[in-house]
Amino acid sequence: MTPIIHKQTTLKRSLLLTLTWLVFGVIFLAPLSIILIEGLSKGLGFFWHTFANPVALSALKLTLFATIVSVILNVIFGVMAAWCITKYEFVGKSLLTTLIDLPFSISPIIVGLIYTLLYGSQSILYPFLMEYNLQVIYAVPGIVLATIFVTFPFVARSLISLMQEQGNTEEEAARLLGANGWQIFWLVTFPNIRWALLHGVTMCTARAMGEFGAVSIISGHIEGLTNTLPLQIEILYNEYNATAAFSISIILLIMAMIILFVRQWCERKITHVTSDAEQ
Amino acid sequence: MLLYKTSAWKIFAAFLMVAPLFFQTTHAKTVTLLNVSYDPTRAFYHAYNQAFEKYWKAKTGDDVVVYESHGPSGKQARSVIDGMQGDVVTLALSGDIDALNKYKQLIDPNWQSRLPYHSCPYYSTIVFLVRKGNPKNIHDWDDLIKPGVQVMTPNPKTSGVARWNFLAAWAYALEKYGSEDRAYDFVKQIYQHAPILDTGARSSSLSFIQRGLGDVLISWENEAYMALNESKPGEYELITPSVSILAEPPVAVVDSVVDKKGTRAVAEGYLNYLYSDVGQTLAGEYYYRPSNPKIAEKFKDKFHSLKLIPIDKVFKGWKQINNKFFKDNKIFDKIMSEINR
Amino acid sequence: MFSSKYSVIPGFWLSLGYTLSWLSLIVLLPLAALLLYASHIHFDQLITILSNRQLQSALKLSLYTSFYASLLASIFGAFLAWMLTRYSFTGKKIIDSMIDLPLALPTAIAGIALTTLYAPNGLLGSLLPFKVAYTPLGIIVAMVFVTIPFTIRTLEPIIKDIPYSVEEAAKTLGATPLQTFLYVIFPMLFPAWLTGFSLAMARSLGEYGSVVFIAANIPYKTEILPILIVSKLDQFDYTGATVISLLMLLISFGLLFFITIIQRWIKPHRLIWFMTHLSLPFFSKKKSS
C-alpha cells in the first residue's frame, strides 16, 4: 500500500526537491566545498606536507587527547546522570535536567572567561594551585576542562531521551528477581542503551574536536604545547598559509564525516531496538 | 557476578589513570623558556630561537627549548597577568608590559631601564601598503582622507599596531596643523574611511591581501615587508610617509615567573642575545630596524629614512596615552560614536 | 529531602551524588566564580557599563542578528527536516549525513570559509548584487550555518512521529492542503519548532569564532556582544567583560526558561483549539453537521 501523501504531481515533487538541493547547496555545500577547493589547490603533495610539520602533529595529538579524555569523562557522567534522572522521582529533577542542558546555551567566550576567573590569578584558588605547581589554564588541563564543558550535555541528553522512552519495567523486574545494581546496569540497561550511548559519544567527539572559542581564550597559543588543531588552523591562516589551513580543515572534516557515519549507523540500531521493544 | 564487579573496577582504574594526565606539572627535564610575543614577530622569533638554542648550548652546555606564544599584544599581556608562565615577554608596546606591574606585581616597575635602548632591541615604524601601481596615488598621510580612499587599520581596542597607527596619524596632524582639535578631526576622517576594523595587525593585512578590501593598509614596516614577500612581486607597493611614529616594541624578563621557575639566567641570556651582533642582524633580516647603529648601518639600503617622532616627546608615555585616547569613553570611543551617530 | 517516591532500583545516592558533584565541578563552580567576581562590582559601576552606548548597540545588534538567524535557520531547518523524513530521493543519505557537519567543524574554519565565499572577491560574494561579508547580513549567514543542525535535529523525530494516516484522514474528510497544514501539522510541530528556534537563538547569541571573521567589527555597526567581551578582556577590563557575560547569561537563561514553558504549556491539543477558534478569513471552516 502506498501512502496517499506520495501521490503528488511530479511537477510539485521536482519543485520541492530542487528547493531542497538549493537550500542545502547554499547553506551547507558551498562553504564545505570552499574548504575542499582551497585545501587541495596546491595538490596532494602539499596536503601531506602540511602534516609532516611537528607543530601540526603535536596539535593533532593534543586535540585527540582532549577529545578522548572529555568523551570518557562525559560518558561516565552521562550514564550516571541519565540513570539518576530516568530511574527515580525526586524534587528538583527538572531543575537538574535544565542545569545539565545549560552548557548548550552558554557562549564559548563566557566559558573561557569563567575558567579564567576560576583558575587564573584573579581566583582565590590560585595561590593554592601555584603552591602545588598545578597549571590549569594556559596548559593541557584547562583545554580539557573547557572541552568537557562545551560537550557536557551530549551523552546525557541522548541517553535520557531513550531511557525515558524505555521505562523502568525491565530494571524493576530484574531487581525483584534478585539482581544487584551492577548486574541490572550491565545485563539489563546497558544492552538497551548501548547504541544511544555510542550516538552520544559521536556527537560529543564531533563537538570536542572542533571547539574553538573557549579553548582559544584559555589555551595561551603556545606552539607545540597548547595549540589544538582548530587553533593551529587559525595560526596557519594568519601566517599567509591559507592552503595549509584548509588542508588541516579537510582532515578534521574527514574525521567528522567518519564519526557522523558511525552516528547514522547507531541511529538505525536505536530504531531497531525501540521497534523491537514495541513489538 | 564477579565479572561485573571487575568491569566497575576497570572503569575506576581507567579514571585513576587519566587523572594524573589531567594535572600535568610545570616541571620539565630540559630547561624550557616561554616567550610570550605578539603576532608579527613569529617568523623572526622562529629563526632567533634556533640561533639562541645553539648559542646557549655552546656557552653553558645546557639544552634549552624555547616555546613561543603569539597573539594580539593586549591579549598576550592579559594571559601573563592571568597566570601564563611566560619567562620573557616581547610585546608591541611598553604599555602592555607596564600592565604586568599595574594589575599584578609580576615585574619590576623599572623594567624598562634594565636593558640597553630602554629595553627595545629593535624598532619599527608605521608605513603604508598600496595596490599595484598605486591607483589612488597615496604618498603621505593627507592622501588617506581623499574621497574614495578606503583605509585598512585594525581596532585600537584589541590591537597594538592599531594604537601605533592612531598615534602616528595624530602625531602627523599635530605636527602639520599644530592643534589638538585639528588632529582630532584628521584622525576622525581616517576612521571614516575605514570599512572594517579587524581585531589584529595580521587579520587586517589578510583582509587587505586575500579579500581585496581597501586601497591602503596602515601597518608595521616589518608586517608590510612580510606581506610583500608573501604575495606576487609587484602586486603591492610599500609607501613610506614623510613623517611617522617611532614604534618601539620592548622586551622584558617576567620576574615573578623566572624566580619561581629558576630560569632567570637563561631568560636574561635570551634577551641579552637579542642585542648581540647575531640577534641584531637577524632582526634586520626580518625587517625590524636594529637598535645598534653599527648593525643598522648594514641595513641602510633596506629601510627608507623618514622623520620618526618618539611617542614620549608628543604623548608623555603609554599611561597617559591609554587614559587620553583608548580607555572607555575616551577619544577613540568619542570618534567612533560621532562617526556612527 | 530528594527522594519522594520509593524506587526498587538501587543506585540512587551513587548516581545522584556523582551527577551533582561532577555538575558542580565542571559547570556550577566556574559560574560561581563569575558571580563571585561580579559581586565585587559596585552598583554605579554597573550603571556606567550598562549605559554605554557601544554596549547597547552591540546588544541590539546581537539580539536582532541572532533572532533573524534563528528564524531563518528554523524555517530552512523545518523545510529540510520535512523533506528528509517525508520524501525519499537520490542523495538523501548524503544530505542527512552532512547536516551535522557544522557542529563538528571548528567555528573559525566556518568563519574563514564563509568569508572566502561571501567576500566581495569571493565565489558567491562577487555574484550577489548586495554585500554580505562585513555587514550584519554576513553575521546572520554565519549564525545560520552554525545553528541549522540544531533546528533540523529537534524537528526530525517529531515529524517522524506524525503518522501518514493523520494526513490521510484529514484529506479523506475533505480538508484542503492548507487546512491540513494549519489544523493538523502545524499544531503538532509548533512546540518543537519553537524549542529549536530558542536553542538556535541561544547558540547564535553566543557565537564568536565564525562571526569574528565575517563581521567587520566596527563599533556601533557590526560589533556583537561576544566580540565586545573579548575586546574588554584584552584591555584588562574584567569588570566590563563580567557584566556583559552576565547580561548574556541572563538572556540565555531566559531562553532556556522559555523552552521549559513551551514544553510544559504549548501542547498540540491547545494549539488545535486555538487554531480552530481563530476565525481566519481566507477559508470557510466546514462545520461537521
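What's counted below: heavy atoms across the whole structure, side chains too, no hydrogens, waters or symmetry copies. Just so we're on the same page: letters track the sequence lines, and every chain starts at 1.
- Rounding to the nearest 0.5 Å gives a distance of 8.0 Å between OG of B:S203 and CD of A:E234.
- Contacts with chain A (heavy atom to heavy atom, under 4.5 Å) involve these residues of residues 65-76 of chain B, listed by number: B:Y67, B:E68, B:S69, B:H70, B:K75.
- We find the CG-OH distance between B:L34 and A:Y138 to be 11.5 Å, quoted to the nearest 0.5 Å.
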Pair B:E230-A:N241, side-chain contact (heavy atoms from CB on, under 4.5 Å): steps then yes or no: CA-CA 9 Å; B:E230 296 291 338; A:N241 210 343; over 6 Å; no
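- Contact annotation: the side chain of A:N133 approaches that of B:K260 to within less than 4.5 Å [non-hydrogen atoms, C-beta and beyond].
- Proximity to chain A among residues 39-54 of chain B is limited to B:R42, B:H46, judged by heavy-atom separations below 4.5 angstrom.
- Side-chain contact between A:Y240 and B:L206 is present, with at least one heavy-atom pair separated by less than 4.5 Å.
- With sequence neighbours excluded, the residues satisfying ring-ring contact (aromatic ring centres under 6.0 Å, His included) with B:Y103 are C:F236.
- Heavy atoms of A:Y126 lying under 4.5 Å from chain B belong exclusively to its side chain.
- Here the closest non-hydrogen pair linking B:D82 and A:Q122 is OD1-NE2, 3.7 Å.
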Stepwise side-chain contact (heavy atoms from CB on, under 4.5 Å) test for A:H221 and B:M84: CA-CA 10 Å; A:H221 296 84; B:M84 180 143 86; over 6 Å; no
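- B:Q210 contributes no side-chain N or O that, together with a main-chain N or O of A:A242, makes up a donor-acceptor pair within less than 3.5 Å.
- Residues passing the side-chain contact (heavy atoms from CB on, under 4.5 Å) test with A:K42, sequence neighbours excluded: A:F46, A:T243.
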